[in-house]
Amino acid sequence: MEDYGAKTTSIPLLDSATPVGGRASRLQTLANIIVSIVGTGVLGLPFAFRIAGWLAGSIGVMLAGLASYYCMLLLVKCRDELASEEEEEEEGESPNRTTYGDLGYQSMGPTGRFIAESLIFVSQCGGSVAYLVFIGQNLSSVFKGHLTFSSYILLLVPIEIGLSWIRSLSSLAPFSIFADICNLLAMAIVVKEDVEQALKGQFSFKERTAITSNIGGLPFAGGMAVFCFEGFGMTLALQGSMRDKTTFPKLLAQAFTAITLLYVLFGFFGYMAYGDETKDIVTLNLPRNWWALAVQVLDSPTLMLCTF
């Protein structure tokens, strides 16, 4: 059995992904942060606003964003503290040789290492499967009659395996920027449809719930808000990939501010447009026209980047 108390001799996660002295610029890291955080959860935000109310939903999303930002910075701080201790014990030890398992061991011993690495494994595998299923559904609904749903997934798997062999986040930045553009365009199309639907309906704010009286629905809405801020497992790799790591907190704050504002507006407009008819995935409310198909096609590149 492996001695978890001993120094690990295997190559840690962060070192294999980002060499000492990262090469990623601020723009490249910003693109990687956005594509790491933004995922399919945003499509469920209008439904969460319907459950919680537009005011409670907005507050919940902002609180979830603030908590996620704080926890990501706390994780970096813990890694730096542990790295400093290791450098004092062993001269020349690289700070980037600290993994999530090391942090878990420092906190709770062997149990902490096992829990941390197991949760990361389950989270990454589950997220990858969920995204592949979602992309497969998008493609099969757009290109009906060409291939089966399972065939699209089988075609996607080799592509994802190939992308996972890219070991530097700075090298992934061009893909991330492309995925970010696709994601923003898709969200803009959804908001456009939402605004048009809202104007046709000529609703008033009195017809939309600000804070729900159903307390039982708040945990679901809160869970959806937390799910929207993905990418926690990429924190150390993102920070370690930067040339100037001291700018990471400020850059992360800027990214979270923009993403949180975008989430609030997206959820708000979606709920205002469809009210009590808002479905769990807002794209199901869209009319079957080329706009809706564009959303599904544009979402696919973003989700492919999120899977790894």
Side-chain angles (χ1 to χ4, degrees), residues 17-18 22-45 61-62 64-73 75-76 123-124 127-128 130-131 134-135 138 160 163-164 166 168-191 224-245 247-270 282-283 294-308:
T18 55
R23 298 170 299 176
S25 65
R26 284 175 56 88
L27 178 60
Q28 290 173 326
T29 304
L30 179 62
N32 287 327
I33 289 175
I34 294 175
V35 81
S36 297
I37 295 175
V38 178
T40 57
V42 67
L43 299 178
L45 273 180
V61 169
M62 289 187 285
L66 182 62
S68 298
Y69 169 73
Y70 173 75
C71 289
M72 291 178 77
L73 289 186
L75 182 60
V76 172
S123 173
Q124 295 300 318
S128 297
Y131 284 130
F134 193 90
I135 297 171
N138 271 354
E160 292 299 331
L163 289 173
S164 68
I166 300 177
S168 171
L169 286 181
S170 60
S171 300
L172 284 173
F175 298 99
S176 298
I177 293 173
F178 173 71
D180 292 338
I181 294 173
C182 291
N183 195 49
L184 289 175
L185 288 175
M187 294 180 69
I189 292 173
V190 173
V191 171
M224 181 62 70
V226 173
F227 175 67
C228 285
F229 293 93
E230 305 177 29
F232 192 83
M234 290 291 295
T235 304
L236 299 186
L238 288 168
Q239 192 257 3
S241 69
M242 295 190 69
R243 281 197 294 262
D244 184 6
K245 297 177 178 57
T247 62
F248 181 73
K250 182 178 179 180
L251 186 64
L252 189 66
Q254 294 171 344
F256 262 89
T257 299
I259 292 172
T260 301
L261 178 61
L262 188 64
Y263 279 176
V264 170
L265 293 176
F266 188 84
F268 177 82
F269 281 116
V282 72
T283 52
V295 170
Q296 294 175 315
V297 172
L298 290 174
D299 268 338
S300 296
T302 303
L303 298 177
M304 289 182 67
L305 266 293
C306 290
T307 55
F308 61 93

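Since the structure is predicted, the reported quantities are computational estimates derived from the model, not experimental observations.
In plain terms, the two heavy atoms of T235 and M72 that are nearest each other are OG1-CE, 3.2 Å. Minimum heavy-atom separation, R26 to T247: NH1-CB, 3.5 Å.
With contacts defined as side-chain heavy-atom distances shorter than 4.5 Å, the pair L45/C228 qualifies. Side chains of Y263 and M62 form no contact here, defined as non-hydrogen atoms less than 4.5 Å apart. Side-chain contact between T257 and Y69 is absent, with no heavy-atom pair separated by less than 4.5 Å. Residues F229 and I259 meet the side-chain proximity criterion, which asks for heavy atoms closer than 4.5 Å.
The structure places CG of L238 at 5.5 Å from CD1 of I33, a figure rounded to the nearest 0.5 Å. Rounded to the nearest 0.5 angstrom, L75 CG and Q239 CD are separated by 9.5 Å. Within the model, atoms CG of L73 and CZ of F256 stand 8.5 Å from one another, a figure rounded to the nearest 0.5 Å.
A donor-acceptor distance shorter than 3.5 angstrom exists from the side chain of K245 to the backbone of M242, with no hydrogens or angles considered.
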